[in-house]
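Input: a single structure, listed below in structure tokens.
Order of appearance sets the numbers: ligands from 1, and atoms from 1 within every ligand. Atom set for the values below is all heavy atoms of this structure, side chains included, hydrogens, waters and symmetry mates excluded.
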Amino acid sequence: MPLFCDVALAVPLDMVFTYAIPLGMEPVVGGRVLVPFRQQRMSGIVVELHDRPPQVKTKKVIEALDLSPVLDEHLLKLGKWIADYYLAPVGEVFRTMLPLSAEFKRSIAYRITDEGRMALHLAGMSGSPARSKRTPEQQLVEFRVLDYLAERESVRAENLRGTTRVGKALLAGMVRKRWIAREDVSAARDAARLVKVAVLIGAEAAEASPPLDPSTSLRAGSRGARPHTSSAKKLNENQRTLIETLAASGGRVPVEALRGLDVPRTTLGTLVRRGMIGLVDEPQDFTASGVKLSKLKPRPSPFEFEFSAAQKEALAKIGAAVGSRKFGGLLLHGITGSGKTAVYLACMREVLEQGRSSILLVPEIGLTPAVAADLHQVFGDEVAILHSGLSDAERAEQWHRIRRGEARVVAGTRSAVFAPVSDLALVIVDEEQDSSYKQEETPRYHARDVAVMRAKMAGAVVVLGSATPSLESYYNAKKNKYALVELPDRVEMRPLPEVEIVDMRQEFQETGQEQVISRKLAEEIRERLEKKEQVMVLLNRRGYSPVVLCRACGKTLQCKNCAVSMTHHKRERKMECHYCGHVEHIPDKCAHCGSEYVYFVGTGSEKLEELLHGMFPQARIGRLDRDTVRGREDFERALNALNEGALDMLVGTQMIAKGHDIHGVTLVGVVGADMALGLPDFRAAERTFQLLTQVAGRAGRGQSPGKVVLQTYFQEHYAVQFAARHDFAGFYEKELQFRAWMHYPPYSAIANVLIRSEKLDEALTWSGELGRWFEKTRHEGIRVLGPAAAPITRLKRDYRYHFILKSPSREKMNALLRAMLAEAAARKIPRTQVIVDVDAVWLM
Ligand code: ADP
Ligand code: ZN
Ligand code: ZN
């Protein structure tokens, strides 16, 4: 065994750490080890085993946590690529790749012993425990602990202290008395969490229960071991219930699930003693936890219909690429409602039939219950669904299922790109332009680009799908880096909706006041409601009013942590900052001058809903935004209601714009979606075009054709004009020209370097120092802009200055960034205060 190992730790330092390997310990490359780091124990990933003694004295590895790698060769390589490309500490990259944070912590757990049970029992009889040096209060706490543990298998120390308020000394005393036992829960080992499962054995089962179907009785007979007790002994009612339940469920049921029956706990024990039921430890089966089975009424199977010619062709092209077993990239450009999802599912099914694996990435908002239901319908238990609603433990379970090869189809958001599948054949990135694929914290990776790299390394095929591809992907397809596959028509030749633009400046002139809902939109809504058709209205801003303005001094109410306005939330009676979450009371006078003339200005989705209620009192209106949707269930409920016709109108932010396939919607009103056009962000036009196209795509997906009323203050803007004409190619050509002139992606690589500090003078000094360093460093072929105050100059208490780097050569740009980080380190600027965002999608 080598003497040393290099370990990547999740700390903000661009290096790995060398530890000595104690005799007899066998860490593996790609496996986790527990090591001392500063005053803590941390787990990290072994990246290399070697015999080169380091310069400094090394500490020893405490424990090797894995016998085999948790990151295989491919994923290790991918992780190193990410660290390099995005200039992120490799240990932080690995932490992101492994959803095992729940397992990273070691913790102590306690369980009650037989002596403890006895003590509890005696106390219960006599009212006071025997011979004790403790005060009555201490005794009380001790019994509270015993009582709590008696009901449970084993309880983690934090939970036990939290619930019983027991102190450390008292706990230690109870351990000495052997009332309780302490155990070290090395989580790596309880990773595949075991659960007790009751298994039906013996012939009684068959006699006692209703006729079993052959598959379940198989297990009953095959055990061979005869029960110890006489089969003549009759079962009581409780025992019968248990046995019948077991029999009806295929002969095995987790003990926990049996607790739901109205049967005393002792019954199970009795049956176990009589040898009729066995108890075994089995890895928890999480097939059901990935998805709450959708309450949507089942959609027709995704394969009930005949594929269109374009769908067939797309399927054939992707299938051929997969068959070649070489890397290949395809851009699937399919207009809204062209049936992309069905193509994805069919491709993934083919891959599964070949015994290989596939990964489907969907945007945060794209993993709707309907999509989950489709996946389950097609793949049953072979699919693992990774969504943001999973707890750490559930995520870890899914990860283990995938690694064991039980789930070879994986669907999920951003981090699903790291799913530990073997023999990867296909990665699909749905809505590849979606900004939720970019992680806005270290490591700031873009899951679409990582997907392409992963496919490259695995010799797999990557499919990027979208109705509105990103400029980058469209450009790559034009340059033949990806094969372009088009679905140019809606399924069953349904037409795209007609789009009518309403110029809101003109509306203002004609009506003499600022309107939220134009006369045209109001009229169209009324018409649809009369025809019992459904309406969606988009306003991409949540809350009631986005600005509170003082008429006396002209100041607005700003967040105390950020340089942005606080938003008024009427129903929740508060002011909230949408950037940091800070909440304040609704002001009745101005914070600056004390004047009472404070006005609430502008409209958010909450106010829009109220206005529409006022205009259409009979209509049933729902709202979908981050205030009404707290969890997946709310989301599901609202969409469900619309789908089933329980709602006439759905109002909301961009949440309503993406992916939903609701056939009754014939009108989409866009009240506000062009605010971004006023922002200093070079992607504003692209985002606006995409959002408008997506939301327009919700109309007319059923039998009746759809219509879109698009209200705008920027009616001449090409993003608005091209979206209204459904002219994708036109928009892309124009936008590419602009990007080329301005040296923006896809013509240049771009990076945003943000310097932040809670202290203004620090932020200024640091950015000044780095600015001077950039000035005197030679960097041919790289433009460095800045330092400048970031558009949002203060965010979450930090003052922010930034540089923007642009270069046609990514290698050169990254080399300069690396040198800049070294300079920052030499100047003792903390690494956490210098944020390097390569391929930044958000320059605010
Ligand atoms: P997209 O993702 O391209 O917007 P979807 O995949 O959601 O489109 O498909 C839109 C609708 O058309 C879905 O209800 C889907 O079941 C249905 N569909 C897909 N392919 C066909 C087809 N060949 N014939 C009829 N309906 C189809
Ligand atoms: Zn004022
Ligand atoms: Zn704030």
- Asp661-ligand 1 polar pair, N/O distance under 3.5 Å: yes
- Pick one: which of Arg448, Gln433, His446 meets side chain to side chain donor-acceptor pair (under 3.5 Å) with Ser470? Arg448
- Item | Contact check: Gly337 vs ligand 1, nitrogen or oxygen atoms, below 3.5 angstrom | yes
- Message: Is it the case that ligand 1 has an N or O less than 3.5 angstrom from some N or O of Phe305?
- Response: no
- Message: Please list all pairs meeting side chain to side chain donor-acceptor pair (under 3.5 Å) that have one or both residues in residues 646-656, counting only residues at least two apart or in different chains.
- Response: Arg620-Asp648
- Here the atoms of ligand 1 under 4.0 Å from any heavy atom belonging to His663 are 14 (O)
- Query: Could a heavy atom of Arg701 be found less than 4.0 Å from some atom of ligand 1?
  - Reply: yes
- Query: Is it the case that Glu364 and Ser436 place a side-chain donor and acceptor less than 3.5 Å from each other?
  - Reply: no
- Note on the structure: The answer for which part of Thr341 has a heavy atom under 4.0 Å from ligand 1 is both
- Hey, mind stepping through His568 and Tyr544 against ring-ring contact (aromatic ring centres under 6.0 Å, His included) and telling me if it holds? CA-CA 5 Å; His568 175 213; Tyr544 194 82; 5.5 Å; yes
- Query: Counting no waters, how many protein N/O/S atoms sit under 2.8 Å from the Zn ion (ligand 3)?
  - Reply: 4
- Can Arg414 and Gln439 be counted as having a side-chain donor-acceptor contact under 3.5 angstrom? yes
- Task: Evaluate the salt bridge (Lys or Arg N to Asp or Glu O under 4.0 Å) criterion for residues Glu524 and Lys707: first the C-alpha distance (whole Å), next the side-chain angles of each, then the deciding distance (0.1 Å), finally the verdict.
- Result: CA-CA 9 Å; Glu524 292 277 349; Lys707 169 150 191 185; 3.0 Å; yes
- Task: Carefully, step by step, assess Glu596 and Arg551 under the rule salt bridge (Lys or Arg N to Asp or Glu O under 4.0 Å).
- Result: CA-CA 9 Å; Glu596 284 169 14; Arg551 284 275 153 92; over 6 Å; no
- Heteroatom distance test (Glu492, ligand 1): nitrogen or oxygen, under 3.5 angstrom: no
- Note on the structure: Atoms of ligand 1 under 4.0 Å from any heavy atom of Ile335, numbered from 1 in the order shown, are 3 (O)
- Under 4.0 Å to a heavy atom of Ser308 - the qualifying atoms of ligand 1, by number: 23 (N)
- Task: Report the residues that fulfil ring-ring contact (aromatic ring centres under 6.0 Å, His included) with Phe379, sequence neighbours left out, ordered by chain and then residue number.
- Result: none
- Do Thr567 and Glu576 have a side chain donor and acceptor closer than 3.5 Å? no
- Task: Taking the side chain as every heavy atom from C-beta outward, state whether Thr603 and Leu539 have any atom pair closer than 4.5 Å.
- Result: yes
- Message: To check you understand the geometry: which heavy-atom pair defines the closest contact between Ala840 and Arg683, and what is its length?
- Response: O-NH2, 2.9 Å
- Query: Taking atom types as modelled, is there a side-chain donor on Gln694 or Glu431 under 3.5 Å from an acceptor on the other?
  - Reply: yes
- Could you verify whether a donor N or O on one side chain and an acceptor N or O on the other, from Glu350 and Gln354, lie under 3.5 Å apart? no
- Task: May I ask you to check whether Asp625 and Ser605 show a side-chain donor-acceptor distance below 3.5 Å?
- Result: yes
- Message: Checking side-chain polar atoms at under 3.5 Å, does Arg490 have a donor or acceptor matched by the opposite partner on Thr336?
- Response: yes
- Per-atom contacts of ligand 1 with Glu306, taking only distances under 4.0 Å to non-hydrogen atoms: 22 (C), 23 (N), 24 (N)
- Excluding water, the protein N, O or S atoms sitting under 2.8 Å from the Zn ion (ligand 2) are Cys550 SG, Cys553 SG, Cys590 SG, Cys593 SG
- Going by the 4.0 angstrom heavy-atom rule, the piece of Ser338 near ligand 1 is both
- Using a heavy-atom cut-off of under 4.0 Å, does the side chain or the backbone of His660 touch ligand 1, or both, or neither? neither
- Message: Side chains of Ser757 and Glu762 only: does a donor on one sit below 3.5 Å from an acceptor on the other?
- Response: yes
- Do Thr336 and ligand 1 have an N or O pair less than 3.5 Å apart? no
